[in-house]
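Computed from a prediction, not measured in an experiment: that's the story for all the values here. Chain letters run A, B, ... following the sequence lines, proteins first and then strands; every chain starts at 1.
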2 protein chains.
Amino acid sequence: MALSTMAPKAFIQHQNLVEQVADYLTQAIIQQHFLPGERLSEVQLSKDLGVSRAPVREAARLLESRGLLISKPRRGFFVRALNAVEFEDVFDLRLCLERHAIDRLAERYSVEAQRALEQQVEVLCEAALGNDETRRIEEDLQFHRLMLHYAGNERLLKAFDGLTHELRLCIALITKTHDAPDTIATSHFKLLEALASGSSAVCREAIDYHIGVARKFVVRGVGEPGELGSQESQR
Amino acid sequence: MALSTMAPKAFIQHQNLVEQVADYLTQAIIQQHFLPGERLSEVQLSKDLGVSRAPVREAARLLESRGLLISKPRRGFFVRALNAVEFEDVFDLRLCLERHAIDRLAERYSVEAQRALEQQVEVLCEAALGNDETRRIEEDLQFHRLMLHYAGNERLLKAFDGLTHELRLCIALITKTHDAPDTIATSHFKLLEALASGSSAVCREAIDYHIGVARKFVVRGVGEPGELGSQESQR
DNA sequence: CGACTGCCGACTGTCGACAGTTTTACAAAC
DNA sequence: GTTTGTAAAACTGTCGACAGTCGGCAGTCG
């Protein structure tokens with residue numbers, strides 16, 4: 001067999017049914033095939049996907065932990081609905097994490113990190129010129145993931161990853177976030193400049209501005225508060 | 001019936017088996033009945049607890065999302081082991097969240113928030129005098145939960161709650177964190193003073209000091225890096 | 001005509017079982 | 001003694017099924 005020529009990491013995707021179902025559900029929610037607040041029937045999903053209820057349940061639990069679904073005991077799972085306050089909260093938390101990250105990163109800004117970020121900005125700019133909105137968003141998020149990664153705190157990155165699921169939901173709920181390509185480029189270049197300067201204050205100002213722009217784009221157009229968004233405290 | 005005199009919220013606790021199993025597992029891990037890195041057998045747990053494997057699996061998934069367990073495909077669940085770096089990361093993230101929270105809280109410091117926090121400090125001081133170490137930790141965490149809550153960002157609080165599970169694990173892995181009662185008291189009173197001052201800089205200094213002390217107490221005595229702690233990136 | 005009560009359908013929570021895979025134990029060969 | 005190959009045992013991933021519960025609807029009483 002020619003297996004030796006392949007990447008050492010497992011290529012045969014042993015992708016669990018759970019992950020497949022989770023991916024399917026995530027896409028369906030992001031693309032609004034399920035409306036916010038809608039109830040998801042486990043049996044219906046099992047039938048549609050041709051699997052049993054066990055993986056569907058586990059996938060739903062996974063999406064619940066990611067904030068895309070809400071579980072109500074003996075009632076089932078509902079698609080998370082976000083009101084304006086929750087929108088603000090998500091972006092505020094993002095600001096919190098990224099402020100900290102850029103601060104840490106400025107302290108330990110290696111050439112490796114610099115090159116990786118510059119390269120990602122190029123990829124992002126290229127994506128911004130194309131028509132694929134989804135890819136643009138993903139490359140944008142990837143840039144920020146890299147920032148968090150090189151900040152040197154994996155737990156911080158994990159928290160950010162947890163937030164990105166909701167972030168994608170926020171972005172998806174707004175039909176148009178299409179910035180002009182040059183806006184995207186300069187906005188990210190400013191972050192690189194700030195990092196290169198090494199100044200904590202400059203970095204903070206840059207990230208505040210950067211996220212402030214994104215927030216403004218998204219928050220505009222959010223209407224009524226949905227009542228399904230906030231799960232009550234569980235202690 | 002005298003039901004009308006009781007709280008309107010549901011009294012009969014519909015506690016799922018999943019939650020019960022999750023609580024049991026959490027306690028067992030915190031109290032080190034399961035050692036870090038140890039493999040958990042689903043069938044064994046089902047037999048021990050007298051339930052089927054389904055709720056055990058779901059509870060394990062829940063604890064995985066909380067960072068107390070690690071799942072390896074086709075291998076099962078393992079108790080999370082934390083190395084020194086991960087310890088630092090947890091406290092660094094905590095610092096990140098609480099810095100942001102105290103900043104937000106200082107902007108909107110209501111008398112209601114002030115009274116709630118002061119009351120909680122009293123409860124904490126009382127707990128510090130007793131012998132119940134667990135209760136002291138819980139009351140301490142509860143104080144910080146209140147801070148996050150009154151900061152006005154529920155998503156921030158949720159992130160903190162997610163972190164507290166790992167935080168408890170960190171604390172549990174250290175045998176002695178026993179601060180003197182007066183240290184605990186003054187440490188928290190300083191936070192109240194800082195909030196009352198309304199100065200962002202003062203607040204930041206106070207929270208940095210507060211968490212710095214806690215971190216020092218915990219990080220000391222962490223030895224070898226455990227290999228099970230870091231799950232590789234999944235994208 | 002409105003409110004309450006009991007029943008019905010649908011669904012979730014839980015269970016036991018089967019198939020495929022990983023681990024372990026053991027024997028054989030170098 | 002170390003390594004390799006094989007087989008059994010244990011375990012996870014998945015499935016179908018049953019029981020208890022929830023929401024809605026019809027029937028009944030005031």
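Judged purely by atom type and a 3.5 angstrom limit, B:Gln120 uses its side chain to pair as donor or acceptor with the backbone of B:Glu139. Remark: side-chain polar atoms of A:Arg80 are paired, donor with acceptor, to backbone N or O of A:Gly67 under 3.5 angstrom. With A:Asp89 contributing its side chain and B:Asn153 its backbone, the two residues share no donor-acceptor pair below 3.5 Å.
Each of B:Glu58 and B:Arg39 lies near DNA chain C, and the nucleotide nearest B:Glu58 is the one positioned closer to the 5' end.
Distances were taken from every side-chain heavy atom of B:Arg57 (C-beta onward) to each of C:dC11, D:dG13, C:dC15; the shortest belongs to D:dG13. Distance from the side chain of A:Glu42 is smallest to C:dT12 among C:dT12, C:dC18, D:dC15. Listed nucleotides D:dC15, C:dT14, C:dC18 differ in distance to B:Val18; the shortest reach to its side chain belongs to C:dT14. Side-chain atoms of A:Leu17 lie closest to D:dT14 of the nucleotides D:dT14, C:dT12, C:dC15.
To the nearest angstrom, C1' of C:dC11 lies 13 Å from CZ of A:Phe77. Taking atom CD of A:Glu38 as the reference point, atom P of C:dC11 lies 13 Å away to the nearest angstrom. B:Leu49 places its CG atom 17 Å from the C1' atom of C:dG16, with the value rounded to the nearest Å. At whole-Å resolution of the value, CZ in A:Phe78 and P in D:dC22 are 13 Å apart. Rounded to an integer number of Å, the gap from NZ of B:Lys72 to C1' of D:dC11 is 16 Å. Between the NZ atom of A:Lys47 and the P atom of D:dT14 there is a distance of 21 Å, rounded to whole Å. Counting to the nearest Å, the C1' atom of C:dT14 and the CZ atom of A:Arg53 are 9 Å from each other. Atom pair B:Asn16:CG and D:dC22:P shows a separation of 11 Å (rounding to whole Å applied).
For the OP1/OP2 pair of D:dC15 and a distance below 4.0 Å, the side-chain nitrogens and oxygens of A:Ser52 include at least one atom meeting the criterion. In this model, the phosphate group of C:dG13 is not approached by any side-chain N or O of A:Arg74 to a distance below 4.0 Å at OP1 or OP2. Between A:Arg75 and C:dT12, a side-chain N or O to OP1/OP2 separation shorter than 4.0 Å is absent.
Relative orientation of the B:Tyr24 and B:Phe34 rings is perpendicular, given thresholds of 30° and 60° on the angle between their planes.
Annotation: cation-pi geometry satisfied between A:Lys72 and A:Phe78 (NZ/CZ under 6.0 angstrom from ring centroid, within 45° of ring axis).
B:Leu45 comes within contact range of no nucleotide atom at all, as no heavy-atom separation falls under 4.0 Å.
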